[in-house]
Amino acid sequence: MKIAVVGATGLVGQVMLKVLEERNFPLTDLIPVASERSVGKIIQFKGKDYKVVSLQTAIDLKPNVALFSAGGDTSLEWAPKFAAAGITVIDNSSAWRMDHNKKLVVPEINASQLTKNDKIIANPNCSTIQMVLALAPLHKAYKIKRVVVSTYQSITGTGVKAVKQLENEMAGIKGEMAYHYPIHQNAIPHCDVFEENGYTKEEMKLVRETQKILDDKTIAVTATAVRIPTAGGHSESVNVEFEKDFDLNTVRKLLNDSPGIVLQDNIDVNMYPMPIYANGKDDVFVGRIRRDGSQPNTLNMWIVSDNLRKGAATNTVQIAEYLLEKGLI
Ligand code: 2RA
């Protein structure tokens, strides 16, 4: 099983390598891929040195699977070339997520849709993954009518440049800006670019991807995505209105019994999810579950997850594990 990691030198690419190693993914060879300027660099994997190669060289080396985290433009141009060479692509960019012919997969929810014919598979946006993992069991039980979500997103979602900007600002150093404004001691309500409707692409991903993954276009979603100076993960305040009423203890049991979810919900001991605890873990943490008395059949919850892991690298590797387990690659 030969695996290519495209974008191996980036934040998510580095976490992909770490997750492949931690989960002891049964690969016989690793092909780290990056842009021309990184070709020839050496990266370490399981104590061995691997030389970074170009995209074309990676195709020529014929991996079984290519895990992409190299931006939308690279995915749009190169994922079809890898697929045409018989290589299954699992792509972290937004390039293919809303393509009608591509599957958008969170393994715990809809991996069963996957077939041998899926040669380009889309990994959802990080903030979508953590939210739909919590919504899926509740949608099944009570049918979701509407979701109102506000996100508090880690700077790591923007990449190395943003992490550097925060470090510089905290050290009082003037440096390259990843954002229009300082991020230190700030909250920026602007993740990705604005669309015609006044929402950002990041906010519209939560709308469109949630409907696709839960396979229900009747689910109304509205979102506000905010960037904050944390490093451990994305947090989300989620208000959900259902068609049917619910019982809070049953809601907690449904979540607790759902794979990939860890309940941290006990205000008597100040137990609730926080990025400092989610950092470096693969679970989605759910807490502050409470009925919204302002309207029927509605509850609030707080969802936190490491955006680089379950939000990107781990979900991607889990898709590859599923494909392998089912003999689809
Ligand atoms: C962000 N979800 O956090 C986006 C891309 N990783 O900026």
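For the numbers below, each heavy atom of this structure counts, side chains included, while hydrogens, waters and symmetry mates do not. Count residues from 1 along the sequence. Start at 1 and go down the list; that is how both ligands and their atoms are numbered.
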K205, R227, K201 screened by side chain to side chain donor-acceptor pair (under 3.5 Å) with D192, the one that passes: K205
For ligand 1, run through the N/O pairs with the protein that fall under 3.5 Å and put one pair on each line.
{"from": "ligand 1", "atom 1": "2 (N)", "to": "N125", "atom 2": "OD1", "distance (Å)": "2.9"}
{"from": "ligand 1", "atom 1": "2 (N)", "to": "E202", "atom 2": "OE2", "distance (Å)": "2.6"}
{"from": "ligand 1", "atom 1": "3 (O)", "to": "Q153", "atom 2": "NE2", "distance (Å)": "3.1"}
{"from": "ligand 1", "atom 1": "3 (O)", "to": "R227", "atom 2": "NH1", "distance (Å)": "3.1"}
{"from": "ligand 1", "atom 1": "3 (O)", "to": "H234", "atom 2": "NE2", "distance (Å)": "3.2"}
{"from": "ligand 1", "atom 1": "6 (N)", "to": "G157", "atom 2": "O", "distance (Å)": "3.0"}
{"from": "ligand 1", "atom 1": "7 (O)", "to": "G157", "atom 2": "O", "distance (Å)": "3.1"}
{"from": "ligand 1", "atom 1": "7 (O)", "to": "R227", "atom 2": "NH1", "distance (Å)": "3.4"}
{"from": "ligand 1", "atom 1": "7 (O)", "to": "R227", "atom 2": "NH2", "distance (Å)": "2.5"}

Charged N-O contact under 4.0 Å between R309 and D306: no
I'd like to check the salt bridge (Lys or Arg N to Asp or Glu O under 4.0 Å) partners of K116; sequence neighbours left out, ordered by chain and number. none
Sorted by chain and residue number, the side chain to side chain contact (heavy atoms under 4.5 Å, CB included) partners of T224 (sequence neighbours excluded) come out as S150, E203, V226
Set out, in order, the CA-CA distance, both residues' side-chain angles and the distance that settles side-chain contact (heavy atoms from CB on, under 4.5 Å) for K281 and K310, then state yes or no. CA-CA 8 Å; K281 299 187 180 78; K310 183 56 183 172; over 6 Å; no
Without placing hydrogens or testing angles, list every side-chain donor-acceptor pair under 3.5 Å for residues 260-272, not counting sequence neighbours.
{"from": "D265", "atom 1": "OD1", "to": "R288", "atom 2": "N", "distance (Å)": "2.9"}
{"from": "D265", "atom 1": "OD1", "to": "I289", "atom 2": "N", "distance (Å)": "3.2"}
{"from": "D265", "atom 1": "OD2", "to": "R252", "atom 2": "NE", "distance (Å)": "2.5"}
{"from": "D265", "atom 1": "OD2", "to": "R252", "atom 2": "NH2", "distance (Å)": "3.3"}
{"from": "N266", "atom 1": "OD1", "to": "D268", "atom 2": "N", "distance (Å)": "3.0"}

